[in-house]
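Quick notes on the structure that follows.
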Amino acid sequence: MNFVNPKEKEESKPGVSFIEQIIIDDIRSGKNNGRIHTRFPPEPNGYLHIGHAKAICLDFGMALKHGGKCNLRFDDTNPTKEDVEYVDSIKEDIHWLGFDWEDREFYASDYFGKLFEFAVSLIKKNLAYVDDQSAEVISTQKGTPSQPGQQSPFRNRPVEENLDLFYRMNEGEFDEGSRVLRAKIDMSSPNMHMRDPIIYRIIKIPHHRTGTKWMVYPMYDFAHGQCDFFEGITHSLCTLEFEVHRPLYDWLVEHLKTSDYKPRQIEFNRLNLTYTMMSKRKLLELVKEGNVSGWDDPRMPTLSGLRRRGYTPESIKKFIELIGYTKVEAINDVSLLEYAIREDLNLRAPRVFGVLNPLKVIITNYPEDKIENVAVINNPEDESMGSREVPFCREVYIEQEDFMETPPPKFFRLAPGNEVRLKGAYIIKCEGFKKNEKTGAVEEVYCTYDPATRSGGHLSEKKVKGTLHWVSAKHSVDAEVRLYDRLFNHEDPSGQKDDDYRKFLNPDSLKILKGCKVEPSLASAGHLDKFQFQRIGYFCVDDDSKPGKLVFNRTVQLKDTWAKMTQSQGQKS
RNA sequence: UGCUCUGUGGUGUAAUUGGCAACACGUCUGACUCUGGAUCAGAAAAGUUCAGGUUCGAGCCCUGACAGAGCAACCA
């Protein structure tokens, strides 16, 4: 035997993302006086989903890690799509994730005045003009990505006339769509966004914050970089699709800045998840069409949905840490998200007994009225969580799938002549069973128990292959259990040529089990309490749950190697 | 047939200033287990899209291909 030096396990460094590297470099070089200031800029037009969580973790996370600040800024430049309802939910979700913007809650609409002034100054510099053409005409004049655009006949309108028209646009003198303000840049630019982009349009729908004060509203491109500038943002982090907007962002900031300071836009890859759809618009459709119960349906990728499903903020942050930030358009596997929540809950969730599909077991040699309280450990991963007493008696329920009349090889559970341990209690042996004559379904199983094998007792060392969870028939509590599965059965429901994602809706994404039996200690469980139903998975108490009418949501299944074995052998039961 | 960006095990990411391609998930073994969970030990799996070039040495630098994505909203 050769003697080898023990492997020196080098601390594998977490590896900073390219964005963090830029931030570190900027701090070192003293750029912006070494200041780090980011922002998270949601549009209040829907609920936050896990893709936003990726951005939130970066925006707030980088600030936190490098001694900077992160603002919350609602990008509310389009009153036709936005609503306060969303503002509140967004704030709640960010806090739930564990981030805080302190007193820096801003709105793009806070800057409407300044933005208007800036637009006026551009007009005065002959860098902006009012265009009277229709959307269609402007669009065709813009050309295509491979063909240059043509100049608008209004492009050389005199400054005074532009000024007059722009003011009158804001006074409501003109109809929506009749006139827009455009930046005068370059109609032949290879970048479509530089072909005299529209920067202001007329909208006469009241704004959720500014009411009817304004009749013209800035476009995203005319707001974002400037707001960053106004707030002193140093690193404006956004997703890859804004890459081509950056020259315009820079152009505008360049005309605004008064010193060396300017914000820098950096783009990273958006989150894509297998079997998941992230488009806000389509999620809204799912809600409106009743394919899900709401934005917080536990199958939704929204933060409110994940929360209700039983995900913890820690697990979501862990997942995001695992996938990283790059410029590659990747599609991440949901199983990694499931791994993250299992990891988290494994350490924190108390173990309990819950039987989803009950099958009655009668222990024929156990006294009729005897009741024993057996002690069961709450969490083998955490001794400090102690143990609890669970009542045991002559009749118990086990899981239907834990009994088979004619078991396949390596079936370690209950079968005629077979012995298993009821966890925390006794070893029992199957002596017989009763079948329903019509359906052939097993209705009752008859067992004997060995009194010497009580858990913890001195003779309890006897080994059996299988250990089953169970509940006392007399003491167990009824519960409804909602089994959730992926909402879509296609690996990439939003990446298909065929845009009708509805085709890929998984018909089995929700299975409601009514007659489940759980141990009595769960009777008083409160909303969002999380448990591991032993041998099954992690569950949390749903919002619909009430005392006497318990409802549990399955967050995620436990890994199940037996299921995998039986599947690969084609022995699905 | 324009511009911009991106190509590293099955998947997602690493690889200090060019120096033996690393980690995680997943997969497969085995050990252990009163959860077929967890844990522990181990294995398979890429030679970095391709072709040239520079160099003692290239995933990294250069050239040229190829592939994918984004961009033509009065959305963000």
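The figures that follow rest on heavy atoms only: side chains count, while hydrogens, waters and symmetry mates do not. Proteins get letters first, then strands, A, B, ... in listed order; numbering begins at 1 in each.
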Any base atoms under 4.0 Å from [X], or only sugar-phosphate, or nothing? Heavy atoms, all strands.
{"X": "A:Ser189", "answer": "nothing"}
{"X": "A:Gly177", "answer": "base"}
{"X": "A:Val328", "answer": "sugar-phosphate"}
{"X": "A:Glu267", "answer": "nothing"}
{"X": "A:Gln141", "answer": "nothing"}
{"X": "A:Lys327", "answer": "sugar-phosphate"}
{"X": "A:Pro148", "answer": "nothing"}
{"X": "A:Ala135", "answer": "base"}
{"X": "A:Gln534", "answer": "base"}
{"X": "A:Phe242", "answer": "base"}
{"X": "A:Phe411", "answer": "base"}
{"X": "A:Arg413", "answer": "base"}
{"X": "A:Gly424", "answer": "base"}

Is the shortest side-chain N/O distance from [X] to OP1 or OP2 of [N] below 4.0 Å?
{"X": "A:Asn191", "N": "B:rC71", "value": "no"}
{"X": "A:Lys564", "N": "B:rU27", "value": "yes"}
{"X": "A:Ser146", "N": "B:rU1", "value": "no"}
{"X": "A:Lys465", "N": "B:rC34", "value": "no"}
{"X": "A:Arg535", "N": "B:rG36", "value": "yes"}
{"X": "A:Thr274", "N": "B:rU11", "value": "no"}
{"X": "A:Arg201", "N": "B:rC75", "value": "yes"}
{"X": "A:Thr77", "N": "B:rA76", "value": "yes"}
{"X": "A:Tyr220", "N": "B:rC75", "value": "no"}
{"X": "A:Lys559", "N": "B:rA38", "value": "yes"}
{"X": "A:Thr561", "N": "B:rG37", "value": "yes"}

With centres under 5.5 Å and planes under 30°, do A:Trp562 and B:rG36 count as stacked? yes

Quick check against the 3.5 Å criterion: does [X] have a side-chain atom that pairs as donor or acceptor with the backbone of [Y]?
{"X": "A:Gln226", "Y": "A:Leu115", "result": "no"}
{"X": "A:Arg182", "Y": "A:Asp196", "result": "yes"}
{"X": "A:Arg413", "Y": "A:Thr467", "result": "no"}

Does A:Arg209 count as lying over the ring of A:Tyr217, i.e. NZ or CZ under 6.0 Å from the six-ring centre, within 45 degrees of the axis?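 The answer is no, since A:Arg209 fails at least one limit relative to A:Tyr217.
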
Spacing of [X] atom [atom1] relative to [N] atom [atom2], expressed in whole Å:
{"X": "A:Ile323", "N": "B:rC25", "atom1": "CD1", "atom2": "P", "result": "15 Å"}
{"X": "A:Tyr339", "N": "B:rA24", "atom1": "OH", "atom2": "P", "result": "9 Å"}
{"X": "A:Phe222", "N": "B:rC75", "atom1": "CZ", "atom2": "P", "result": "16 Å"}
{"X": "A:Glu136", "N": "B:rA73", "atom1": "CD", "atom2": "P", "result": "11 Å"}
{"X": "A:Gln147", "N": "B:rC71", "atom1": "CD", "atom2": "P", "result": "19 Å"}
{"X": "A:Leu345", "N": "B:rU35", "atom1": "CG", "atom2": "P", "result": "19 Å"}
{"X": "A:Glu243", "N": "B:rU4", "atom1": "CD", "atom2": "P", "result": "11 Å"}

With syn defined as a glycosidic angle within 90° of 0 and anti as the rest, where does B:rG26 land? anti

From C-beta outward on [X], which listed nucleotide comes closest to its side chain: [options]?
{"X": "A:Pro145", "options": "B:rC75, B:rG12, B:rA72", "result": "B:rA72"}
{"X": "A:Met565", "options": "B:rC34, B:rC74, B:rG36", "result": "B:rG36"}
{"X": "A:Pro190", "options": "B:rG36, B:rA38, B:rG2", "result": "B:rG2"}
{"X": "A:Met192", "options": "B:rG12, B:rC71, B:rU35", "result": "B:rC71"}
{"X": "A:Glu343", "options": "B:rU39, B:rA72, B:rA76", "result": "B:rU39"}
{"X": "A:Arg421", "options": "B:rC34, B:rU11, B:rG12", "result": "B:rC34"}
{"X": "A:Glu43", "options": "B:rG2, B:rC75, B:rU35", "result": "B:rC75"}

Given the [atom1] atoms of [N] and [M], what is the spacing between them in whole Å?
{"N": "B:rG19", "M": "B:rC66", "atom1": "C1'", "value": "30 Å"}
{"N": "B:rU8", "M": "B:rA45", "atom1": "C1'", "value": "14 Å"}
{"N": "B:rU4", "M": "B:rA41", "atom1": "P", "value": "50 Å"}
{"N": "B:rU17", "M": "B:rA24", "atom1": "P", "value": "24 Å"}
{"N": "B:rA22", "M": "B:rG68", "atom1": "C1'", "value": "26 Å"}

is_close_aromatic(A:Phe353, A:Phe533), centroid dist under 6.0 Å: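 Aromatic pair excluded; centres sit 6.0 Å or further apart.
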
Taking the ring centre of each residue, are A:Tyr107 and A:Phe74 less than 6.0 Å apart?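 A:Tyr107 vs A:Phe74: aromatic centres under 6.0 Å.
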
Comparing A:Gly466 and A:Ser335 on RNA chain B - which has the more 5′ nearest nucleotide: A:Ser335

Residue met sooner reading RNA chain B from 5', once A:Lys54 and A:Val464 are mapped to nucleotides: A:Lys54

If pairs are Watson-Crick or G-U with both distances under 3.5 Å, what is the dot-bracket string of RNA chain B, marking crossing pairs with [ ] and pairs to another strand with |? .((((((..((((.....[..)))).(((((.......))))).....(((((..]....))))))))))).....

Check each of A:Asp59, A:Asp110, A:Asp228 against A:Arg73 using the salt bridge (Lys or Arg N to Asp or Glu O under 4.0 Å) test, and report the only one that passes.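 Single salt bridge (Lys or Arg N to Asp or Glu O under 4.0 Å) partner of A:Arg73 among A:Asp59, A:Asp110, A:Asp228: A:Asp228.
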
Examine the base of [N] for any acceptor or donor lying under 3.5 Å from a partner atom in the side chain of [X], and report the outcome as yes or no.
{"X": "A:Glu381", "N": "B:rG37", "result": "yes"}
{"X": "A:Arg342", "N": "B:rG37", "result": "no"}
{"X": "A:His193", "N": "B:rA72", "result": "no"}

Could you state the interatomic distance from CZ (A:Phe166) to CG (A:Leu181), rounded to the nearest 0.5 Å?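 One gets 5.0 Å once the value is rounded to the nearest 0.5 Å.
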
Apply salt bridge (Lys or Arg N to Asp or Glu O under 4.0 Å) to residues A:Glu285 and A:Arg281 and explain how you reach the verdict. CA-CA 6 Å; A:Glu285 283 172 8; A:Arg281 195 196 90 229; 3.5 Å; yes

Would you mind reporting whether A:Lys54 and A:Asn269 have side-chain heavy atoms less than 4.5 Å apart?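 Yes, side chains in contact.
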
